[in-house]
Structures are given as structure tokens and as C-alpha cells.
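Heavy atoms only: backbone and side chains are in, while hydrogens, waters and symmetry mates are out. We name chains A, B, ... by the order of the sequence lines, and we start the count at 1 in each one. No experiment lies behind these values; they were computed from the predicted model shown.
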There are 2 protein chains.
Amino acid sequence: MDNRLLEFIEQYIPLTEEEKTVIDDLNIIRSFKKGTMIVEEGDIIRDAIFVLKGCLRSYYIWDGEEKTSAFTTENEPLILLTGDDPNKTAHYVDCVEDSIVTLGNLEMENETVKNFPRFEKLCKLISEQLLEKNASSFAEFKNASPEQRFKNLLKNRPDLLQRVPQHQIASFLGMKPQSLSRIRKRLSQKSSA
Amino acid sequence: MDNRLLEFIEQYIPLTEEEKTVIDDLNIIRSFKKGTMIVEEGDIIRDAIFVLKGCLRSYYIWDGEEKTSAFTTENEPLILLTGDDPNKTAHYVDCVEDSIVTLGNLEMENETVKNFPRFEKLCKLISEQLLEKNASSFAEFKNASPEQRFKNLLKNRPDLLQRVPQHQIASFLGMKPQSLSRIRKRLSQKSSA
DNA sequence: TAAATTCATTCACTAAAGTTAATTAAGGCA
DNA sequence: TGCCTTAATTAACTTTAGTGAATGAATTTA
């Protein structure tokens with residue numbers, strides 16, 4: 001079995017052999033074809049996903065338009081929280097590429113805690129880290145112009161531009177596809193000048 | 001003792017009397033005068049704050065300017081995470097008003113877990129909820145113009161406009177004070193027309 | 001392969017925020 | 001009280017993103 005999930009977990013807490021077995025036995029590795037929806041409206045409203053291979057896109061519908069909130073690629077976790085509030089915006093996740101992921105839900109989580117109590121601490125550490133990342137992405141977004149945000153993306157996640165359609169990148173950057181196209185043109189003219 | 005901290009915690013998990021005693025015994029209530037810095041650069045890099053009274057402002061320095069990332073008011077928690085990465089932007093917290101808060105740090109947290117194991121689960125639930133809130137604020141911010149963001153603030157947190165200086169609100173909304181002033185003027189002209 | 005979608009680019013135009021600078025108002029302090 | 005610093009407003013000008021529409025390119029699908 002691909003042990004990157006275990007390696008990922010061991011970044012946070014060391015695991016005993018028994019604990020590793022508990023996790024292995026969950027048997028939560030799944031493969032999906034490009035374009036497949038992993039999470040749909042009305043689905044289990046709480047999920048934890050870890051990407052072994054491929055690229056997932058998280059999005060929601062806002063004013064009738066798809067808004068991309070995240071791209072999750074190799075060795076990254078994705079937590080879907082929609083709390084208890086039923087009138088929240090529905091969230092979706094689909095595959096930008098053929099992908100291999102581990103998929104867990106809330107029941108599974110409760111079950112795992114029984115055999116593996118420190119799992120609670122693990123979840124705490126992961127969600128704290130995600131909170132921190134999210135907060136710093138938010139800060140970066142707030143203080144950058146659309147052009148600067150695109151430059152930041154080029155610097156931080158250059159692979160996405162090869163993997164993901166432009167209009168999804170534009171949406172992720174909070175701008176219209178036309179604007180992204182214009183920005184790219186502007187930058188390429190500057191660099192060649 | 002003010003028991004709002006216990007009430008807040010019991011939104012997440014029920015507490016036994018012993019657990020309540022453990023928390024009370026922490027003795028972490030502190031009062032601060034308006035303008036006081038609660039967290040400064042170089043301070044303990046990980047803190048959990050709960051506001052009983054008053055208003056805190058979280059900010060960081062970006063390109064030599066103060067950028068306000070959050071206002072935390074009555075009955076709200078604030079978690080400060082700067083991870084292990086030393087070259088992160090320094091974060092600060094000061095008091096917009098005279099404030100009463102509970103203050104915890106990492107050592108205290110580890111100590112508490114010994115007497116109160118479910119504290120781990122509590123932290124997990126709180127950070128998950130904060131993650132969710134942060135993600136939805138981010139989404140709202142991304143999809144709104146500066147004018148719309150100001151309208152959202154008026155709707156969601158009207159008290160802040162009475163409590164906090166305009167230039168801090170402007171920074172929180174990711175715009176210049178001049179722009180906020182102009183937006184306010186525009187809106188007041190529209191409403192009176 | 002052809003038709004049909006969907007995607008990316010370009011253009012002209014509009015609207016709004018950034019920038020710089022000047023003025024007025026408010027708060028803090030000697 | 002009056003001075004000094006900081007905050008808020010206003011204005012003229014520049015820059016840039018949104019909008020609507022048209023075109024061409026690339027994928028899908030029949």
C-alpha cells in the first residue's frame with residue numbers, strides 16, 4: 001500500500017505499529033477519473049480527504065457562478081466542513097485530473113478514535129495548521145492587487161497553471177477570465193520589453 | 001467568577017464539575033486598558049484568547065503598514081498561530097477598548113490536557129469552527145467589491161463602526177482610508193436620493 | 001468528420017479604487 | 001488653553017478591473 005498517508009500523519013504525531021494497522025485497515029484509498037465529482041450537494045457534509053495523486057478542485061455556487069475556493073494536490077489534506085448550519089452554501093469537489101485519494105467521513109472518524117485515541121490530537125493539529133494556512137492566504141489575498149495575486153500564484157504554485165483551466169484559476173484568484181487574460185498579456189509584454 | 005468562558009466551552013462539549021474546577025483554577029482572566037498590546041513581536045508564539053468584554057484588534061505589518069486581520073469582541077475566541085516557521089510575519093494584538101479576556105498559552109494547554117483529556121477534543125472543535133468561519137469570510141471577501149464588503153460589514157457587524165477607528169476598518173476591508181470615506185459618501189448620497 | 005460547446009483572447013467602454021496632495025477635524029499632551 | 005499629532009474628508013488624476021460583445025481556438029460529442 002502507498003504509505004504516504006502514514007508519512008503525512010507522522011509529520012504531526014509518531015505512530016505505533018498498531019496504530020498504523022488501524023489506519024491501513026480503514027481501507028480508504030479511492031481512485032477517480034478526471035471530471036468525477038467526489039463531493040456533491042447533499043452528500044455527507046463532513047469529510048477529510050488526502051490526495052495521493054492528482055488534483056482536486058473545491059468550489060461552490062455564488063450568484064449562479066462556480067467559484068473555486070481551493071486546488072488540492074499531491075500530499076495535501078482537504079477538510080470539508082459545513083458545520084451544522086443547513087443554509088450554508090453547498091460545496092463541491094471534483095477531479096481536475098485522474099486522482100487517487102483517501103476518503104474519510106465523520107462516522108469513520110469516531111470509529112477510529114475508539115481504537116486510536118490520539119487520532120483526536122492529530123485532527124486538532126491538522127485543522128490548526130490548515131487554519132493558519134488559510135489565514136495567511138487570506139492576508140496575502142487582501143493585500144494584493146489582482147495582478148499581484150497572479151504573480152504570487154506563479155511563484156507559489158506554478159504547477160497549477162499547467163494543470164488547471166484558466167477560467168478556474170481566474171475564479172480562484174477572484175477575477176474574471178478576461179481580466180486574467182489581460183494580466184497575462186500585460187506581464188508578457190513587460191517582460192519582453 | 002464570570003462563567004461565560006465555561007458557557008462558551010459547553011457549546012462544544014458538556015463539562016463535569018471537576019472539569020469546570022480545572023478550568024477555573026487556571027485563573028487566566030486578565031484586564032487591559034485601551035491601547036494595551038496583548039501580544040507583541042517576539043512574544044509567546046501561540047496563544048488562545050477568549051474575550052469577555054471589550055474589543056481586540058489583530059494586525060501585522062506588511063510593507064511597513066499595519067494591516068488589520070481581525071476584530072474580536074465579546075464571547076469570541078481568538079487563536080494565534082504562527083506555527084514553527086520563524087520567518088513568518090509578526091502578529092500583534094492590541095485593545096481597541098478596555099477589555100477583559102482569558103489568556104492561555106501552549107504550556108498551559110499541555111498542562112490542562114493532563115487533568116482534562118477531553119480538552120484536546122475541545123480545541124479540535126474550536127479550531128475546526130474557526131477554520132470554517134475563516135474560509136467563509138474569505139469566500140465572501142473574494143466575491144465582493146470593496147463597496148459590497150463595506151455593506152456586508154454594516155450588515156454583519158454594525159457595532160464595529162461605532163467602536164473602531166475608520167482607518168482600521170478600511171485596512172480590515174482591504175482598502176485605503178480614502179476609499180472607505182468615498183464609499184461611505186457615495187452610499188449616503190444614494191440613500192438620501 | 002462535422003457540428004456544437006466550451007474556453008481563451010481581444011476590444012471599446014464604464015465604473016471604481018489607488019495615488020498624491022491639500023484641507024479640515026479630532027484627540028492627546030504639555 | 002493652545003500646540004502638535006493623528007485621523008477623516010475631499011479633490012484631481014491615473015490605473016486597472018468589470019462588462020458586453022465579438023472572434024478564434026480547442027474540446028466534446030454526435
Side-chain angles (χ1 to χ4, degrees), chain A residues 33-37 55 57 59 61-68 71 94-98 141-154 160-193, chain B residues 33-37 55 57 59 61-68 71 94-98 141-154 160-193:
Chain A
K33 283 277 164 202
K34 175 175 174 176
T36 310
M37 291 270 259
C55 178
R57 175 180 69 117
Y59 66 97
I61 309 292
W62 184 288
D63 276 342
E65 279 182 69
E66 280 186 13
K67 300 285 179 171
T68 297
F71 297 105
D94 66 11
C95 301
V96 172
E97 306 170 346
D98 292 354
F141 189 93
K142 236 188 215 182
N143 297 306
S145 65
E147 178 174 322
Q148 189 57 51
R149 297 202 292 260
F150 176 68
K151 286 185 189 167
N152 291 339
L153 189 73
L154 269 180
L160 287 183
L161 286 143
Q162 314 305 324
R163 304 172 84 168
V164 176
Q166 302 256 345
H167 66 285
Q168 291 178 1
I169 301 262
S171 162
F172 178 62
L173 293 175
M175 65 178 80
K176 299 285 174 254
Q178 296 94 315
S179 298
L180 178 55
S181 186
R182 177 165 44 194
I183 286 169
R184 280 158 51 88
K185 190 182 179 188
R186 200 159 65 213
L187 292 179
S188 72
Q189 286 172 342
K190 274 185 193 166
S191 68
S192 66
Chain B
K33 284 278 165 201
K34 175 175 173 176
T36 311
M37 291 271 260
C55 178
R57 176 180 68 117
Y59 66 97
I61 308 293
W62 182 287
D63 275 343
E65 279 182 69
E66 280 186 12
K67 301 287 182 172
T68 297
F71 296 105
D94 66 10
C95 300
V96 172
E97 305 169 347
D98 291 355
F141 189 93
K142 234 188 218 183
N143 297 306
S145 64
E147 177 173 322
Q148 189 58 51
R149 297 202 292 260
F150 175 68
K151 286 185 188 168
N152 292 339
L153 189 72
L154 269 180
L160 287 183
L161 287 143
Q162 314 306 322
R163 304 173 85 169
V164 177
Q166 301 257 344
H167 66 284
Q168 292 178 3
I169 302 262
S171 162
F172 178 61
L173 293 175
M175 64 179 79
K176 298 285 175 262
Q178 296 93 314
S179 298
L180 178 55
S181 187
R182 177 165 44 195
I183 286 170
R184 278 159 51 89
K185 189 181 179 188
R186 199 158 65 213
L187 292 179
S188 71
Q189 286 172 342
K190 275 186 193 165
S191 67
S192 66

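- For the pair Leu187(B) CG and dT9(D) P, the computed distance is 13 Å after rounding to whole Å.
- Here the side chains of Gln178(B) and Ser181(B) are not in contact, with every heavy-atom distance at 4.5 Å or above.
- For the ring-ring contact (aromatic ring centres under 6.0 Å, His included) with Phe172(B), the lone residue among Tyr59(B), Phe71(B), Phe141(B) that qualifies is Phe71(B).
- Heavy-atom nearest nucleotides on DNA chain D were determined for Leu180(B) and for Lys34(A), and the one closer to the 5' end corresponds to Leu180(B).
- Taking atom CZ of Arg186(B) as the reference point, atom P of dA8(D) lies 19 Å away to the nearest angstrom.
- Between the P atom of dG18(C) and the CG atom of Asn143(A) lies a distance of 11 Å, rounded to the nearest Å.
- Side chain of Arg57(A) to backbone of Val96(A): no donor-acceptor contact under 3.5 angstrom is found.
- Comparing atom distances between the Ile183(B) side chain and each of dT10(C), dA17(C), dG18(D) picks out dA17(C) as nearest.
- Atom CG of Leu173(B) is separated from atom P of dG18(C) by 11 Å (rounded to the nearest Å).
- At whole-Å resolution of the value, CZ in Arg184(B) and P in dA25(C) are 16 Å apart.
- Counting only heavy atoms from C-beta outward, the side chains of Ile61(A) and Lys67(A) never approach each other to under 4.5 Å.
- Protein atom CE of Met175(B) is 18 Å distant from nucleotide atom C1' of dT15(D), rounded to whole Å.
- In this model, the phosphate group of dA17(C) is not approached by any side-chain N or O of Ser179(B) to a distance below 4.0 Å at OP1 or OP2.
- At whole-Å resolution of the value, NZ in Lys176(A) and P in dC7(C) are 15 Å apart.
- Here the side chains of Ile183(B) and Met175(B) are in contact, with some heavy-atom distance below 4.5 Å.
- Panel note: side chain Ser171(B), backbone Thr68(B); a donor-acceptor pair is recorded below 3.5 Å.
- The separation between Phe150(B) atom CZ and dA17(C) atom P is 12 Å, rounded to whole Å.
- No more than 12 heavy atoms of other residues, nucleotides or ligands shown are found within 6.0 angstrom of NZ on Lys34(B).
- Arg186(A) CZ to Phe150(A) CZ: the interatomic distance, rounded to the nearest 0.5 Å, is 11.0 Å.
- In this structure, the side chains of Leu153(A) and Arg149(A) stay at 4.5 Å or more apart for every pair of heavy atoms.
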Between the protein and nucleotides 11-13 of chain C, list the N/O to N/O atom pairs that are separated by less than 3.5 angstrom.
{"unit_1": "dC11(C)", "atom_1": "OP2", "unit_2": "Lys185(A)", "atom_2": "NZ", "d": "3.3"}

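- Residues from residues 163-170 of chain B placing a heavy atom under 4.0 Å of any atom in DNA chain C do not occur.
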